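Convention: sequence-line order gives letters A, B, ...; per-chain numbering from 1. Just so you know, these numbers come straight off a predicted model, no measurement behind them.
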Amino acid sequence: MRSGGLTTSCPARATHATPPQARSGPSGNRGAPGRYARPMHDPRVLLDPATDAVRKLARRGYSLDLAELEKLLSGRNSAIQRGDEARAESKRVATSVKGASAEERPALVERARELKGVVSAAEEEQKEFDGQLQDLLLGIPNLPADESPDGTSDADAELVRTWGRPPVVESPLDHVDIAEKLGILDLPRATKLSGPRFAVLKGKGAALQRAIGSYLIDKALENGYTEFSVPSLVTRQTMTGTGQLPKFEQDLFRTEVADRELFLIPTAEVPLTNLHARETLDLESLPLTYTAHTPCFRSEAGSYGRDTRGLIRMHEFAKVELVRFVDPATSRDELEVLVGHAESALQGLGLAYRVVKLAAGDTGFSSTLTYDIEVWLPSQDTYREISSCSDFGVFQARRAGIRTKAKDGSRGFAATLNGSGLPIGRTLVAILEQGQQPDGSVTLPEALVPYTGFSTLDPE
RNA sequence: GGAAGCGUGGCAGAGAGGCCGAAUGCACUCGCCUUGAAAGCGAGAGUCCCGCAAGGGUCCGGGGGUUCGAAUCCCUCCGCUUCCGCCA
């Protein structure tokens with residue numbers, strides 16, 4: 001790579017809306033935005049009174065302008081009709097030119113020229129409506145499930161169940177203190193290298209991190225997932241497919257080399273889900289279940305001052321992600337299956353946790369229903385998020401163009417789900433804190449010993 | 001980085017300004033035939049958009065242009081293949 005060619009910027013400023021053209025990117029070959037970006041939300045569904053979209057979106061603080069939507073949709077449709085009609089006549093005229101006599105020909109050609117103008121005017125108008133419609137639709141979050149509780153913060157989440165008993169620890173240390181005594185974590189040097197919110201692990205710490213990753217992948221394989229190794233840098237189009245863009249560009253690290261723009265993935269959800277972007281899957285082949293162990297990069301813009309200590313909130317961390325492509329009719333049940341898989345990873349490690357159902361207003365942009373799994377952290381005397389498992393319905397599939405075709409020929413979109421299974425950093429935190437012993441050592445979960453080759457971490 | 005070539009439906013592969021949504025083969029669906037299957041015969045079948053429907057439109061890698069008319073000509077971008085160079 002040429003020196004100085006790579007720049008990484010992290011726009012931590014206020015959200016800047018991305019104009020529709022920008023979706024094409026600087027290097028071309030993003031195809032016609034209209035072709036792949038067509039799906040997103042289905043405006044007809046939103047307009048259908050039975051959907052109750054206004055009320056549902058209000059629960060997450062989004063106020064939907066139905067009149068505007070209606071106006072844009074009908075404007076677009078009538079422009080399409082006018083264009084189609086003119087084009088149809090234009091085709092007829094063009095065909096008739098060939099067999100026309102020398103006398104009639106000039107009139108026909110003249111008429112064809114006229115129609116050309118009509119067509120391009122209609123197309124222009126359609127393009128205008130399309131662009132506006134798309135901007136509106138891309139910014140509308142998914143409809144929250146009715147079963148999600150009211151509210152906008154994690155305090156409004158509904159407790160579903162708890163598992164395991166939080167270990168009794170006398171005057172617990174937090175993971176930073178524990179790790180430093182063990183000599184396995186070097187945050188100051190990480191800051192020297194890259195600034196705040198990065199970590200350096202050393203010795204058994206680094207080995208443990210590697211072990212956790214392997215354990216989690218094996219757990220996913222046990223649960224039937226297919227392992228993938230995927231790029232950590234993806235295009236703007238890919239980020240749009242899963243809903244990170246256009247709205248959340250400020251949360252992402254962006255790279256630029258020459259005129260080429262790529263984004264660092266904030267989760268393997270992005271590449272895994274988009275593996276099937278613009279593809280048609282046999283409905284009968286579902287569910288497809290994928291996993292990958294990848295680095296994740298997040299700007300953490302807007303979380304200044306939160307979790308500034310330790311490994312909880314990093315710009316870069318490793319995670320094993322679980323993704324499911326399913327028949328939309330089954331997605332609600334599939335969410336339970338997915339949560340079960342994430343839970344099985346924690347149970348295998350013997351870590352105490354609880355499961356909560358997020359409030360409508362606290363649910364992510366693309367999600368219709370989300371369970372969070374929270375692991376017990378003795379030092380904070382509370383449960384902290386370690387996994388988020390979401391049902392996206394067909395929301396992502398529409399944006400990314402993940403279609404389905406049934407045996408009988410009927411077509412639709414796949415439902416997608418994903419969940420962390422699990423983030424390695426936070427899992428390490430929980431292991432250190434829940435496993436800490438009075439003498440300053442840490443007893444590792446038995447399940448990890450085959451991966452680490454050691455069962456305790458001892459102070460230096 | 002330099003040179004040449006290529007990109008057509010699920011696949012293979014014709015077409016080289018109007019008769020092309022696109023031959024043909026394979027695969028596919030439904031019939032017939034058969035005890036069953038294969039073979040054979042017949043029919044059908046693509047996508048997306050607009051429309052209650054009838055029907056109409058779109059799509060030959062993406063975008064743009066020439067023309068009354070483009071898969072076919074021109075420009076451009078992307079991708080792939082081969083050769084040379086460079087790097088590992």
Tell me the partner of U29(B), counting only Watson-Crick (N1-N3 plus N6-O4 or O6-N4) or G-U wobble (N1-O2 and O6-N3) with both under 3.5 Å; none if nothing fits.
A43(B)
Rounding to an integer number of Å, can you tell me how far Arg111(A) CZ sits from C68(B) C1'?
12 Å
Give me the distance, rounded to whole Å, that separates C30(B) from G79(B) when you measure between the C1' atoms they each carry.
39 Å
Remember a base hit wins even if backbone is also touched, and classify Leu108(A) as base, sugar-phosphate or nothing at under 4.0 Å, heavy atoms.
nothing
Regarding Lys247(A) and the six-membered ring of Phe365(A), is the cationic atom NZ or CZ under 6.0 Å from the ring centre and inside 45° of its axis?
no
Identity of whatever pairs with A14(B) - Watson-Crick or G-U, under 3.5 angstrom
none
Please report the distance, rounded to the nearest Å, between CG in Leu115(A) and C1' in U67(B).
15 Å
Between G61(B) and A71(B), how many Å separate the two C1' atoms, rounded to a whole number?
12 Å
With hydrogens left out and only the distance checked, is there a donor-acceptor pair under 3.5 Å joining Asp84(A)'s side chain and the base of G56(B)?
yes
Does a side-chain N or O from Asn77(A) land closer than 4.0 Å to OP1 or OP2 of G51(B), or not?
yes
Rounded to whole angstrom, note down the P distance from A54(B) over to C68(B).
36 Å
Ring centroid separation for Tyr290(A) and Phe325(A), is it under 6.0 angstrom?
yes
Taking the same atom, C1', in A22(B) and in A45(B), what whole-Å distance lies between them?
15 Å
Is the shortest side-chain N to carboxylate O distance from Arg111(A) to Glu114(A) below 4.0 Å?
yes
Tell me which nucleotide, if any, is Watson-Crick or G-U wobble paired with G36(B) when both distances must be under 3.5 Å.
none
Could you verify whether a donor N or O on one side chain and an acceptor N or O on the other, from Ser344(A) and Lys219(A), lie under 3.5 Å apart?
no
Going by atom types only, do Tyr225(A) and Arg324(A) share a side-chain donor-acceptor pair under 3.5 Å?
yes
Take the protein atom CZ of Arg87(A) and the nucleotide atom C1' of C68(B), then report the distance between them rounded to whole Å.
16 Å
Quickly work out the Arg113(A) CZ to G69(B) C1' distance and round it to whole Å.
12 Å
Applying a 3.5 Å limit to both distances, which nucleotide forms a Watson-Crick or G-U wobble pair with U58(B)?
none
Assign Val93(A) to base, sugar-phosphate, or nothing according to its heavy-atom contacts below 4.0 angstrom with the strands shown.
nothing
Could Glu85(A) and Arg82(A) be called an ion pair, given the rule that one side-chain N must be under 4.0 Å from one carboxylate O?
no
With rounding to whole Å, what would you report as the distance between C60(B) and A23(B) at their C1' atoms?
14 Å
Measuring to OP1 and OP2 of U47(B), would you say a side-chain N or O of Arg278(A) lies under 4.0 angstrom away?
no
Verify the contact: side-chain N or O of Arg76(A) to OP1 or OP2 of C50(B), cut-off strictly under 4.0 Å; return yes or no.
yes
How long is the line joining CD of Glu279(A) and C1' of U47(B), in whole Å?
15 Å
Nucleotide opposite A3(B) in a Watson-Crick or G-U pair, distances under 3.5 Å:
U82(B)
Over how many whole Å does the gap from Glu123(A) atom CD to G57(B) atom C1' extend?
11 Å
What interatomic distance, in whole Å, is found between C1' of G7(B) and the corresponding atom of A14(B)?
15 Å
For Ala112(A), answer base if it contacts any base atom (sugar-phosphate contacts may also be present), sugar-phosphate if it contacts only those atoms, and nothing otherwise; contact means non-hydrogen atoms under 4.0 Å.
sugar-phosphate
If I pick the C1' atom on A88(B) and the same atom on U76(B), what distance separates them, to the nearest angstrom?
34 Å
To the nearest Å, give me how far apart NZ (Lys91(A)) and P (G56(B)) are.
9 Å
Residue mapping more 5' on RNA chain B - nearest nucleotide basis, Gly83(A) or Leu73(A)
Leu73(A)
To the nearest Å, how far apart are Asp282(A) CG and U29(B) C1'?
14 Å
Which is true for Arg411(A) with a 4.0 Å heavy-atom rule: it touches a base, it touches only sugar-phosphate, or it touches nothing?
sugar-phosphate
Between Gln237(A) and Thr235(A), a side-chain donor and acceptor under 3.5 Å
no
Distance between the P atoms of G55(B) and G40(B), in whole angstroms?
35 Å
